[in-house]
Amino acid sequence: MKKTICALLCMAPIAAYAEYGTYSEYDYDMDLLANCPACECNCADAASGKRDNYVGFRIYKNEHSTYSYTRSNGHKEKYSKDNFGFGSTVGNNLTEYLRVEYETLYMGAQYTKNDKDFEYDIWANMLNAYLLYDFDGAAAPYFGLGLGLTGIWGEVNGELDNAFDMSYQAMVGVLFRLNARIDLDVGFKYANFGKVEHSRGVSKVDATQLYIGAAYKFGL
């Protein structure tokens with residue numbers, strides 16, 4: 001019995017030393033990790049990846065979409081009609097405050113005014129630039145300008161003509177950050193899509209638009 005007690009007393013300091021050594025080694029490794037140059041990066045960015053690119057779609061409610069018709073004798077007629085359009089976007093966030101985007105959209109209308117039949121279809125392609133400010137990743141109001149080229153197919157009383165013309169637009173809106181991948185886009189803009197000449201005059205298409213859309217963000 002005495003021999004057993006002596007053996008246990010002799011083993012106690014060895015066990016304590018082994019336990020101390022184990023934790024000391026663990027603490028030493030943690031210090032190395034804390035001071036590792038490779039760990040000085042933003043761990044959240046490294047884990048999630050930077051999502052500076054996006055693709056999206058928009059639905060446009062055209063308020064007072066205007067088809068201005070100027071006759072060859074100089075008399076002007078202006079007709080407005082509310083309608084819908086749809087389009088898609090592809091873009092990149094260059095900085096925290098600046099993004100660029102390619103936007104393509106379609107809209108058209110057909111109606112009769114003063115015994116005249118009017119019809120038009122447009123396909124617009126715009127390069128947009130936005131200034132935005134992000135509020136803690138929850139929402140980002142923005143202002144943007146766009147410039148591009150639009151194809152217009154216009155018809156007045158059965159006389160059809162088409163043209164490609166310079167177009168421009170200005171917009172304001174808000175991006176709502178639904179999560180790390182999806183943004184909801186709500187905005188308002190004015191767009192001038194250019195004009196097309198007919199044998200009896202010139203037609204111009206412009207519109208004020210309310211729009212809603214969504215964008216999917218990803219990294220490369």
**Q.** Check: Y142/R99 side-chain N/O donor and acceptor closer than 3.5 Å
**A.** no
**Q.** Residues in side-chain hydrogen bond (donor to acceptor under 3.5 Å, both in side chains) contact with S167, at least two apart in sequence or another chain
**A.** T150
(Q) According to a hydrophobic-cluster definition based on side-chain heavy atoms being under 4.5 Å apart (Ile, Leu, Val, Met, Phe, Trp, Tyr only), do V90 and V100 belong together? (A) no
**Q.** D136, CG: over 12 other non-hydrogen atoms inside 6.0 angstrom
**A.** no
(Q) Under 3.5 Å, is there a donor on one side chain and an acceptor on the other for Q169 and E103? (A) yes
Q. Of the options N83, I212, L105, which is the one that meets Y60 in a side chain to side chain contact (heavy atoms under 4.5 Å, CB included)?
A. L105
Q. Are there more than 12 heavy atoms of other residues, nucleotides or ligands under 6.0 Å from atom CG of L184?
A. yes
**Q.** Approximate separation, where rounding is to 0.5 Å, of I182 CD1 and R177 CZ
**A.** 12.0 Å
Q.
Once you measure the plane-to-plane angle for Y168 and Y190, does it fall in the parallel (<30°), tilted (30-60°) or perpendicular (>60°) bin?
A. tilted
Q) Hey, what's the ring geometry for Y216 with F218, parallel, tilted or perpendicular (30° and 60° as the breaks)? A) parallel
Q.
I want to check a possible cation-pi pair here: K61 against F84, using under 6.0 Å from ring centre and within 45° of the ring axis as the test.
A. yes
(Q) For N53 and N92, which I'm curious about, is there any donor-acceptor pair between the side chains at under 3.5 Å? (A) yes
(Q) To the closest 0.5 Å, what do you measure between CE (M171) and CG (L210)? (A) 14.5 Å
Q. In Å, rounded to the nearest 0.5 Å, how long is the span from CG of N162 to CD1 of I152?
A. 9.5 Å
